[in-house]
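A short write-up of the structure that comes next.
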Amino acid sequence: MIARNKAFANLTAGYLFPEITKRRKAYAASHRDKKIISLGIGNTTEPLTPHIAAALAGCARDLGTPEGYSGYGDEQGMAALREKIAQTLYPGLAASEEIFISDGAKCDIARLQLLFGPETSVAVQDPAYPVYVDGSVIAGAAGGAKPGQTGYEGITYMPCTRENGFFPDLSVVKPDSLIYFCSPNNPTGAVSTKAELQTLVDAARRRGCIIVFDAAYSAFIRDKALPKTIFEIEGARECAVEVNSFSKLAGFTGVRLGWSVVPKTLHFADGEPVCQDWNRVMTTLFNGASNIAQAGGLAALDVEGMRETRSLADYYLKNAAVVKKALEGDNFKRAGVTVFGGRNSPYLWARFPGQKSWNVFDCLLADCSIVTTPGSGFGPAGESYIRFSAFGHRADAEEAAGRLANFAPKSAPDN
Ligand code: PGU
């Protein structure tokens with residue numbers, strides 16, 4: 001029989017979100033009378049906005065006519081959409097040929113691993129979106145679990161803690177590494193400043209590293225001083241790739257549309273341009289994003305679309321404020337709970353001192369019928385934290401806030 005890819009045996013647990021769904025289903029089966037509220041997975045819930053929905057429907061209708069039909073398009077994406085993204089989101093920072101349209105940021109993160117191969121060292125923020133680590137393990141760029149410790153062999157974890165303001169000490173990064181970095185951050189909700197990202201870019205350049213910058217939540221940045229793209233930082237075009245998505249920007253989690261920016265000025269050690277190999281990956285292993293989704297993406301970036309998407313992000317930011325207020329209540333204060341994030345970001349990151357994340361997760365489910373995400377699922381430094389997502393309906397965020405006001409978190413000695 002054909003052998004199993006050894007890399008899969010290195011994965012220590014299933015993917016985080018299906019595990020949460022499993023626990024939610026088990027709870028639902030034995031508590032049929034309870035209404036469960038999800039503050040768990042970052043999945044959008046509000047309907048598509050009218051202008052964008054009309055563009056999607058219009059494209060689908062046109063495809064049903066001889067004049068409007070089109071088959072495979074350019075693997076890199078529609079020229080008009082690449083141009084629109086460059087002009088609207090990267091004015092003076094990236095050219096349209098450097099924008100590659102895809103079916104989402106998660107898929108691009110997986111494909112990007114192909115550029116570097118299994119020999120590459122990987123550095124991640126700890127905690128981090130699990131795809132960076134699990135994807136590296138599957139690609140063979142990381143080994144098995146570290147004996148007696150949490151985390152994987154071959155991955156450099158850069159702890160992001162309340163002590164360092166959730167910005168890591170970069171001195172631990174090995175030379176010639178691939179660095180995954182996410183801002184606004186999932187799960188901590190921290191947004192890096194220009195000065196912090198300058199430190200990141202400078203460190204990457206000094207050490208011959210490439211940054212995969214995940215800007216999937218950039219639409220939530222309201223503070224004008226905070227950078228929305230790594231390419232606002234001097235020197236980033238020489239050391240970074242950016243992945244981004246319409247998922248959170250326009251509610252396209254189900255529609256599926258994203259993009260990557262790969263600057264022509266980014267090179268491998270042998271001088272070959274990264275952009276050329278990325279083009280090869282996309283033309284060989286991807287057949288272009290859905291033409292319907294791309295029509296929606298174009299509409300999302302025109303004046304009316306931008307107005308709609310801004311109010312969509314504002315809606316979720318308001319949910320974050322509602323839940324944050326509840327988590328700052330006296331009942332949480334008494335247990336020493338501290339809350340981070342929720343400003344310029346759709347995630348709240350709450351620390352329950354002395355508690356295990358999965359225990360707090362189970363208590364919140366049992367006592368409040370609220371599903372959250374346990375911080376330890378994002379990496380060793382996420383232990384004792386819980387992530388609360390703001391991607392629900394307002395009425396649910398308010399009801400969850402009411403239930404949280406009556407929750408009695410356990411208090412335990414800090415560690
Ligand atoms: N990048 C980050 C940092 C994310 O948090 C997510 C979604 C994505 C990329 C995915 O973007 P797409 O363009 O939709 O592919 N994170 C959610 C959903 C969980 C998941 O498995 O993607 C979350 O709850 O963390």
Side-chain angles (χ1 to χ4, degrees), residues 13-22 24 38-45 48 77 85 100-113 124-136 138 160 166 179-192 211-221 228-230 241-261 286 289-290 293-294 296-297 300 309 313 316 319-320 341 344-349 361 371-379 382 385-392:
Y15 188 56
L16 176 63
F17 294 99
E19 173 61 30
I20 292 169
T21 306
K22 203 170 92 191
R24 175 194 174 132
S38 176
L39 304 178
I41 188 163
N43 196 1
T44 47
T45 53
L48 293 170
I85 290 175
F100 294 80
I101 310 299
S102 74
D103 50 350
K106 189 178 190 174
C107 325
D108 273 351
I109 293 162
R111 281 187 290 258
L112 274 163
Q113 281 276 3
V124 292
Q125 287 166 289
D126 174 19
Y129 179 44
V131 177
Y132 313 144
V133 170
D134 292 9
S136 301
I138 291 173
C160 295
F166 302 103
I179 306 174
Y180 287 98
F181 202 95
C182 177
S183 178
N185 191 263
N186 174 16
T188 67
V191 190
S192 299
I211 303 162
V212 173
F213 188 79
D214 189 336
Y217 299 99
S218 56
F220 294 90
I221 296 182
K228 287 191 157 191
T229 156
I230 191 72
V241 166
E242 179 163 301
V243 293
N244 208 324
S245 168
F246 286 87
S247 283
K248 313 299 158 82
L249 172 78
F252 275 25
T253 41
V255 175
R256 308 302 305 147
L257 190 68
W259 71 91
S260 287
V261 186
F286 186 63
S290 145
Q294 293 190 75
T309 56
Y316 292 125
N319 285 351
N344 301 298
S345 153
Y347 291 123
L348 299 166
W349 187 235
F361 170 92
V371 177
T372 55
T373 309
S376 56
F378 296 98
Y385 284 86
I386 289 284
R387 190 192 77 174
F388 294 83
S389 154
F391 289 109

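Remember, it's 1-based here, ligands and their atoms both numbered in the order they're listed. Computed over heavy atoms, backbone and side chain alike; hydrogens, waters and symmetry mates excluded.
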Are [X] and [Y] side-chain neighbours, meaning at least one heavy-atom pair lies under 4.5 Å?
X: Asp103; Y: Phe286; value: yes
X: Tyr180; Y: Asp214; value: no
X: Trp349; Y: Pro127; value: yes

Which residues share a side-chain contact (heavy atoms from CB on, under 4.5 Å) with [X], sequence neighbours left out:
X: Leu16; value: Ile20, Pro130, Trp358, Thr373, Pro374, Phe378
X: Ser245; value: Ala105, Ser247
X: Ala320; value: Ala390

Any idea which residues sit under 4.0 Å from ligand 1, heavy-atom distances? Tyr15, Phe17, Ile41, Gly42, Gly104, Ala105, Lys106, Tyr129, Tyr132, Cys182, Asn186, Asp214, Ala216, Tyr217, Ser245, Ser247, Lys248, Arg256, Tyr347, Arg387
